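Before any comments, here is the structure.
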Amino acid sequence: MTELPYRYDVTHTAAQVASDHAGIEPGTETEVVVTLAGRLMLRRDQGKLAFGSLQDSSGRIQLFATAKSTPDFDGFTHLSIGDWIAVTGIVMMTRRGELSVRVDSWTVLAPSQRPFPDKWHGISDPDTRYRQRYVDLWVSEESRTAFMQRSQVVASMRRLLHEQDFVEVETPMLHPIPGGALARPFVTHHNALGQDLYLRIAPELYLKRLVVGGMEKVFEIGRVFRNEGMSSRHNPEFTMLELYWAYADHSDMMRLTEELVAGIAVDVLGSTTVTYDGRPVDLSTPWRRATMEELIAEHAGVEVSLDTPLDELRAICERFGVEVKDQYGPGKLILELYEKTTESELWGPVFVTDYPVEVSPLSREHRQRPGYTERFEAIVAGRELCNGFSELTDPAVQRQRFVAQEADRAAGDDEAMVVDEDYLRALEYGLPGTAGLGVGVDRLVMLLTGTSTIRDVVLFPTLKPEQPN
RNA sequence: GCCCCCGUAGCCAAGUUGGUCACGGCAGCGGACUUUUAAUCCGAAGAUCGUGGGUUCGAAUCCCACCGGGGGCACCA
């Protein structure tokens, strides 16, 4: 057994060889010598002749080995499926017209000491796919494609935002006070400080501090953590894009949002039309705008508003099976009604606007509709894709909202916010009219890749620890 | 957290009205084969049927608990 190399000079990828030699005649040999590396994924031995399939990150190419021209031919035919090898040889076309690299020399880069999954069926057990992604990526084309597209989505997002002069920043993930969203945080502990810290549930409050600091167009793409249940649409850690844009309002932000999403779709898929659950979604701009109440009227057939008498509103909600709690005000009831009857029915894309103040503690009140905010969510394929609003800039009002949240917290709502005095101090230095946006990157990737579970777009989704049994 | 379903060798997978405790394929091992394409052919081998209890003369097949997974509900993005 030779020593495994520390490095290796590879000259080509499988895809490069294919594109460089398109259309050559069957049964011909070129004089082009290439060196490739990858895993041996298939092998077809035929006595003094053997074929293999070498796979690298660009694709697969056939290896052609003969007893006459391949050194240690016997060793070559005893390679295991899954072994990493490097191969050097001429590019040729077999008689059957399969572009191949003749194995004029070969080296093992790393043996696979565990057997690879069935070459045809791959891994069918989802658990194994998620736990052993390092195997899944080799045997599942869809898996590779989804993660390549995910990378492209994020790259496109950055490019489009940079083109519009947004500045990318990184803000703390360890927060002394969890804030910026309604969610339960993970708690951790800093030994030297002797104090608990929270994994962030949103970067929002830090990013708005940066707008106060003069970063007029700022964004962050990063992980947030929410201590909640897992499902096909929820992973405890997920990736958000948040961006803030000074001197702009919710209308500006809706335009930016639809252009951003449509632009990413074109970048990654070459089209603004995607298929989800077998149905087409047209992401071309502009997207429809409709108030929450208009959409409830369309889908539930009832007219509600903050002016609807509370008793009546409660009765309507109960009629539609909404769980009505005593502390729910009209805004919360309308939101619950919307989520129960309407949201999943919206194919979209559609901007749902005018969320009640009661359920939007960081949003600025609507300039024409008291009690409502200039907040919107984009719904696509029945799912929330993003959330944005004209930011609440008045420190006094923000304090009142925080205090109201603390009351909810005291009443047992452990997702309610707590007062963030430093954030209020920042607002007191002045925050101009600013629009903000949060996009669930995982869900955007799901939409664009047509995957139905978040676990197919997160490389290592959160799982229960593997039990030995 | 609740409800439903699933768990057979490294992988895929028969067998589930309880009675040749386990069919077969891939991978691996041995052999044949110089143009294959999930190569093919021959041979040998590989399974405490998730774990632990229970019912029974007898269980992979029935019951209970636990572990793991999937789907749905709840919560959220």
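Fair warning: this is a prediction, and the values are worked out from it, not measured in the lab. A note on names: the letters A, B, ... follow the listed sequences, proteins ahead of strands, and every chain is numbered from 1.
Residue-level contact check: A:Asp442 touches neither bases nor backbone, having no heavy atom under 4.0 Å from any strand. At the heavy-atom level, A:Arg233 lies under 4.0 Å from base atoms of the strands shown. Within 4.0 Å (heavy atoms only), A:Asn227 reaches no atom of the nucleic acid at all. Contact annotation for A:Arg114: no contact, since no heavy-atom pair falls under 4.0 Å across all strands. Across all strands, A:Glu384 comes closer than 4.0 Å only to sugar-phosphate atoms, never to a base (heavy-atom distances). Counting any heavy atom pair closer than 4.0 Å across all strands shown, A:Gln62 reaches a base atom.
Minimum atom distance to the side chain of A:Leu42 is reached by B:rA39, of the listed B:rU35, B:rC73, B:rA39. In this structure, of B:rG10, B:rC33, B:rA74, it is B:rA74 that holds the atom nearest to the side chain of A:Ser231. In the set B:rU37, B:rC75, B:rU34, B:rU37 carries the atom at the smallest distance from any side-chain atom of A:Glu98. Comparing B:rU35, B:rU37, B:rC73 against the side chain of A:Phe51 picks out B:rU35 as the nearest. Each of B:rA39, B:rC29, B:rU35 was ranked by its minimum atom distance to the side chain of A:His78; first place goes to B:rC29. Each of B:rC11, B:rU37, B:rG72 was ranked by its minimum atom distance to the side chain of A:Pro117; first place goes to B:rC11. The side chain of A:Arg131 approaches B:rG69 more closely than any other nucleotide in the set B:rA39, B:rG69, B:rU35. Between B:rA74, B:rA27, B:rU37, one nucleotide has an atom nearer to the side chain of A:Lys340 than all others, and that is B:rA74.
If you take atom C1' in B:rU51 and the same atom in B:rC67, they sit 7 Å apart, rounded to whole Å. Taking the C1' atoms as reference points, B:rA32 lies 47 Å from B:rU17, given to the whole Å. For the P atoms, the distance from B:rA45 to B:rA22 is 14 Å, rounded to whole Å. Taking the P atom of each, B:rC12 and B:rC4 are spaced 27 Å apart, rounded to whole Å. The gap from the P atom of B:rA13 to that of B:rU55 amounts to 34 Å, rounded to the nearest Å. With C1' as the reference atom, B:rC23 and B:rG30 are 24 Å apart, rounded to whole Å. Rounded to the nearest Å, the gap between the C1' atom of B:rG46 and that of B:rU8 is 14 Å. Using P as the reference atom, B:rA14 and B:rC6 are 13 Å apart when rounded to the nearest Å.
Pairing for B:rC2 goes to B:rG72, judged as Watson-Crick or G-U wobble with the two contacts each under 3.5 Å. Partner assigned to B:rA38 is none, using Watson-Crick or G-U wobble distances below 3.5 angstrom. Of the nucleotides present, B:rG50 is the one that pairs with B:rC66 by Watson-Crick or G-U wobble criteria, both distances under 3.5 Å. Applying the Watson-Crick and G-U wobble criteria (two distances, each under 3.5 Å), B:rU16 pairs with nothing in any strand.
Here the C1' atom of nucleotide B:rU34 and the CZ atom of A:Arg44 are 14 Å apart, to the nearest Å. Between A:Asp74 atom CG and B:rA32 atom C1' the separation is 14 Å, expressed in whole Å. Atom-to-atom, CG of A:Leu49 to C1' of B:rU40 comes out at 14 Å; the value is rounded to the nearest Å. Atom pair A:Leu79:CG and B:rC29:P shows a separation of 10 Å (rounding to whole Å applied). Put simply, OH on A:Tyr130 is 7 Å from P on B:rG71, counting in whole angstrom units. Across the protein-nucleic acid pair, A:Glu141 atom CD and B:rA38 atom C1' stand 16 Å apart, rounded to whole Å. Atom P of nucleotide B:rC26 and atom CE of A:Met41 are separated by 17 Å, given to the nearest angstrom. Note: CG (A:Asp45) to C1' (B:rG28) measures 13 Å, nearest angstrom.
Projected onto RNA chain B by closest heavy-atom contact, A:Gly440 and A:Ser80 fall at different nucleotides, the more 5' of which corresponds to A:Ser80. Heavy-atom nearest nucleotides on RNA chain B were determined for A:Leu182 and for A:Thr453, and the one closer to the 5' end corresponds to A:Thr453.
Taking both residues in full, the closest heavy atoms of A:Ala86 and A:Leu109 are given as N-CG, 3.8 Å, listed atom of the first, atom of the second, then distance. The shortest heavy-atom contact between A:Phe320 and A:Val302 is CE1-CG1, 3.8 Å.
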>> Working note: A:Asp420 + A:Arg209, criterion salt bridge (charged side-chain N to carboxylate O under 4.0 Å, His left out); need CA distance, chi angles, decisive distance, verdict.
In response: CA-CA 12 Å; A:Asp420 186 332; A:Arg209 284 173 170 94; 3.2 Å; yes
>> Quick one, A:Lys208 with A:Glu204, criterion salt bridge (charged side-chain N to carboxylate O under 4.0 Å, His left out). Give me CA distance, side-chain angles, the key distance, then yes/no.
In response: CA-CA 6 Å; A:Lys208 280 189 278 193; A:Glu204 172 150 352; 2.8 Å; yes
> Would A:Phe51 and A:Phe64 satisfy ring pair (Phe, Tyr, Trp, His ring centres under 6.0 Å), going step by step from the backbone distance to the final call?
Replying inline: CA-CA 5 Å; A:Phe51 301 90; A:Phe64 179 93; 5.5 Å; yes
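Checked against a 6.0 Å centroid threshold, the rings of A:Trp347 and A:Trp287 do not count as neighbours. Ring pair A:His175/A:Tyr206: centre-to-centre distance below 6.0 Å.
At the phosphate of B:rA39, neither OP1 nor OP2 sits under 4.0 Å from any side-chain N or O atom of A:Arg43.
Ionic pairing of A:Asp456 and A:Arg129 is present here: one or more N-O contacts between side-chain nitrogen and carboxylate oxygen are shorter than 4.0 angstrom.
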